[in-house]
Amino acid sequence: MSKQLNKSMKVSIITTSLNRVNTIRDTIESVLRQDYSVIEYIVVDGASIDGTVDIINSYREKISVVVSERDTGIYNAIDKGIRVATGDIVGLMHSDDVFFADNVISSVVEAFKKNDADLVYGNGVFVNSKNRIIRTWISGEFSRVKISRGWLPLHTTVYIKKSLLDEDGLYDESYKISADSEFLLRYLYEFNLDVYYLNKYFVRMKMGGVSTSPSKMLSKWKEDWNLYKKHGLNPYIALPRKILSKVKQFF
C-alpha cells in the first residue's frame with residue numbers, strides 16, 4: 001500500500017462505552033463538532049442498562065456504526081470497532097473523554113499528509129469532575145531508546161493507519177488493563193514505523209478510568225512487568241521510570 005494519503009482520507013474514530021449515561025453525550029457531541037468532514041464514527045457499547053444506549057440511539061443518524069452487545073472488556077470492544085472500521089486511519093475517543101478542540105482531527109490528518117506518517121500522537125490533559133485540569137501529559141518526541149526506559153505516548157492520542165492494524169494485529173485481549181501499553185510497545189518498539197509527534201493537545205480525559213483508578217494500579221503494574229519482559233525489555237529499568245515519569249504531570 002502506498003504511504004501517500006489522498007486529500008479525502010477517512011478517519012475512523014471509535015468510542016467504547018458501558019453504562020456511561022452521564023458522559024456519553026458530551027463525548028458524542030465532541031466528535032460531531034470536529035471540523036474535519038470525512039469521519040467515520042463508530043460506537044461500540046457493551047449492552048449498557050443505564051440509559052446510555054438511549055442517548056446513543058438519539059444520534060443514530062449521525063453515527064456511522066453502532067454496536068451494542070456484551071463484550072469481555074474494553075479491549076475486546078475496541079477490537080470490535082477496529083474490525084468494522086473502513087477509514088484510512090483509526091483513533092479512539094473513550095466515553096469519559098472529549099476532544100481538546102474542534103480542529104484536532106483536521107490537524108492529525110494534516111500531520112499524516114505532511115510527514116508521510118504511519119502513526120501520529122500528541123498531548124492530553126486529565127480533568128476532575130468539575131472539568132479542572134489536574135494533570136498534563138506532554139508526550140514528547142519519539143525514540144525507541146526512550147521506550148526501553150519506560151516512555152510511551154498517551155494512548156488516547158495515538159492515530160494509526162488501518163492497513164497496519166489489518167496486517168500486524170489488534171489489541172492483545174489477554175491483558176485486561178495494560179493491553180494499550182502492550183499495543184504501543186509492539187507497534188512503536190517492534191515495528192519500524194514512521195512516527196510523528198504533533199505537539200498539540202488532543203484530548204481532555206476524566207480521571208478515574210481503568211488506567212487511572214488507584215484500585216487497579218497494582219494489577220496494572222503486574223501486567224506492565226510481564227509485557228516488558230515479553231518484548232525483551234528490562235522491567236527493573238522500564239517500569240520504575242514509567243511510574244516516576246508520570247509524577248511530574250501533576251505539577
Side-chain angles (χ1 to χ4, degrees), residues 1-15 27 29-42 62 64-65 78 81-82 84-94 97-126 133 136-149 151-171 180-181 183-205 245 249:
M1 178 177 177
S2 171
K3 294 180 68 174
Q4 187 63 42
L5 296 170
N6 61 52
K7 292 183 179 179
S8 60
M9 64 178 298
K10 184 193 295 185
V11 181
S12 296
I13 299 174
I14 300 168
T15 291
T27 301
E29 291 281 358
S30 174
V31 175
L32 297 179
R33 283 198 305 270
Q34 288 298 295
D35 65 7
Y36 188 71
S37 62
V38 194
I39 290 177
E40 175 185 57
Y41 189 28
I42 300 167
K62 298 180 179 179
S64 307
V65 179
I78 292 172
I82 294 173
V84 301
T86 61
D88 298 291
I89 63 175
V90 175
L92 306 177
M93 176 51 62
H94 292 326
D97 307 335
V98 296
F99 281 109
F100 192 86
D102 295 344
N103 65 345
V104 170
I105 295 303
S106 56
S107 298
V108 168
V109 170
E110 183 180 12
F112 267 95
K113 292 177 181 177
K114 286 187 174 180
N115 300 281
D116 206 14
D118 295 315
L119 183 150
V120 172
Y121 68 94
N123 308 321
V125 298
F126 292 80
I133 295 175
T136 301
W137 188 316
I138 305 297
S139 290
E141 297 290 342
F142 164 77
S143 82
R144 293 182 78 252
V145 172
K146 286 168 63 176
I147 292 175
S148 69
R149 297 172 181 169
W151 174 89
L152 286 173
L154 178 57
H155 173 238
T156 49
T157 71
V158 171
Y159 289 77
I160 186 170
K161 292 167 79 171
K162 176 61 159 55
S163 59
L164 293 173
L165 298 172
D166 292 337
E167 294 167 6
D168 298 319
L170 309 183
Y171 288 77
D180 52 352
S181 294
F183 176 88
L184 293 176
L185 271 174
R186 180 164 21 110
Y187 274 90
L188 293 173
Y189 191 77
E190 301 287 350
F191 304 145
N192 185 28
L193 304 185
D194 286 322
V195 178
Y196 183 76
Y197 167 50
L198 179 59
N199 189 7
K200 178 183 177 74
Y201 289 110
F202 284 18
V203 63
R204 288 178 177 266
M205 302 177 64
S245 70
Q249 296 172 3

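Quick caveat, the model's predicted, so the values are computed rather than measured. Reckoned from all heavy atoms, side chains included, excluding hydrogens, waters and symmetry mates.
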Might you point out which heavy atoms bring Trp137 and Leu152 nearest each other, and give the distance in Å?
CZ2-O, 3.5 Å
Rounded to the nearest 0.5 Å, how far apart are CD1 of Ile14 and CD1 of Ile82?
5.0 Å
Derivation and outcome, side chain to side chain contact (heavy atoms under 4.5 Å, CB included), residues Thr136 and Tyr201:
CA-CA 9 Å; Thr136 301; Tyr201 289 110; 3.3 Å; yes
Under 3.5 Å, side chain of Asn123 to main-chain N/O of Ser139, donor-acceptor pair present?
yes
Say you draw a straight line from OG of Ser12 to CD1 of Ile160; how long is it, rounded to the nearest 0.5 Å?
13.0 Å
Work out which heavy atom in Ser107 is nearest to a heavy atom in Leu198; give both atom names and the distance.
O-CD2, 3.8 Å
Validation row: Gln34, Val104 side chains within 4.5 angstrom (heavy atoms)
yes
Any carboxylate oxygen within less than 4.0 angstrom of a Lys/Arg side-chain nitrogen, looking at Lys114 and Glu110?
yes
Of all the heavy-atom pairs spanning Tyr171 and Ile78, show the shortest one and how long it is.
CE1-CG2, 3.5 Å
Heavy atoms, side chains only, cut-off 4.5 Å: are Leu92 and His155 in contact?
yes
Looking at side-chain heavy atoms only, is the closest gap between Thr156 and Phe202 below 4.5 Å?
no
I'd like to check Lys200 versus Asn103 (side-chain heavy atoms, cut-off strictly below 4.5 Å). Are they in contact?
yes
CG (Asp97) and OG1 (Thr15) are apart, to the nearest 0.5 Å, by 9.0 Å
How close do Tyr196 and Ala117 get, heavy atom to heavy atom, and via which atoms?
CB-CB, 4.2 Å
Aromatic ring pairing Tyr187/Phe191, orientation class (parallel under 30°, perpendicular over 60°, tilted between)
perpendicular
Do Ser64 side-chain atoms and Glu40 backbone N/O form a donor-acceptor pair below 3.5 Å?
no
Is the shortest heavy-atom distance from the side chain of Ile147 to the side chain of Glu190 under 4.5 Å?
no
Counterpart residues, side chain to side chain donor-acceptor pair (under 3.5 Å), relative to Glu141 (two or more places apart)
none
Met93 vs Val203, side chain to side chain contact (heavy atoms under 4.5 Å, CB included): CA-CA, chis, key distance, verdict:
CA-CA 8 Å; Met93 176 51 62; Val203 63; 3.9 Å; yes
Looking at Tyr121, is its backbone amide N or carbonyl O close enough to the side chain of Thr157 to form a donor-acceptor pair, meaning the two atoms are under 3.5 Å apart?
no
Quick one, Lys162 and Thr86 - any side-chain contact, counting heavy atoms below 4.5 Å?
no
Just do the side chain to side chain contact (heavy atoms under 4.5 Å, CB included) check on Ile89 and Val108 with the steps written out, would you?
CA-CA 10 Å; Ile89 63 175; Val108 168; 4.1 Å; yes
Leu170/Leu165 under side chain to side chain contact (heavy atoms under 4.5 Å, CB included): CA gap, chis, key distance, verdict:
CA-CA 6 Å; Leu170 309 183; Leu165 298 172; 4.1 Å; yes
So, Phe142 versus Tyr197, ring centres under 6.0 angstrom or not?
no
Out of curiosity, Ile39 CD1 to Ile105 CD1, how far, rounded to the nearest 0.5 Å?
5.5 Å
CH2-CG distance between Trp151 and Leu184, expressed to the nearest 0.5 angstrom:
8.5 Å
Is the shortest side-chain heavy-atom distance between Leu154 and Met205 below 4.5 Å?
yes
Spacing of Leu164 atom CG and Leu119 atom CG [to the nearest 0.5 Å]
8.5 Å
Closest non-hydrogen atom pair between Tyr189 and Ser148, with its separation
CE1-CB, 4.5 Å
Between Asn115 and Ala111 the two heavy atoms that sit nearest each other are ND2-O, 2.9 Å
Any donor and acceptor pair, going by atom type alone, linking the side chain of Ser30 with main-chain N or O of Phe99 inside 3.5 Å?
yes
Evaluate the side-chain proximity of Val195 to Pro153: yes if any heavy-atom separation is below 4.5 Å, no if none is.
no
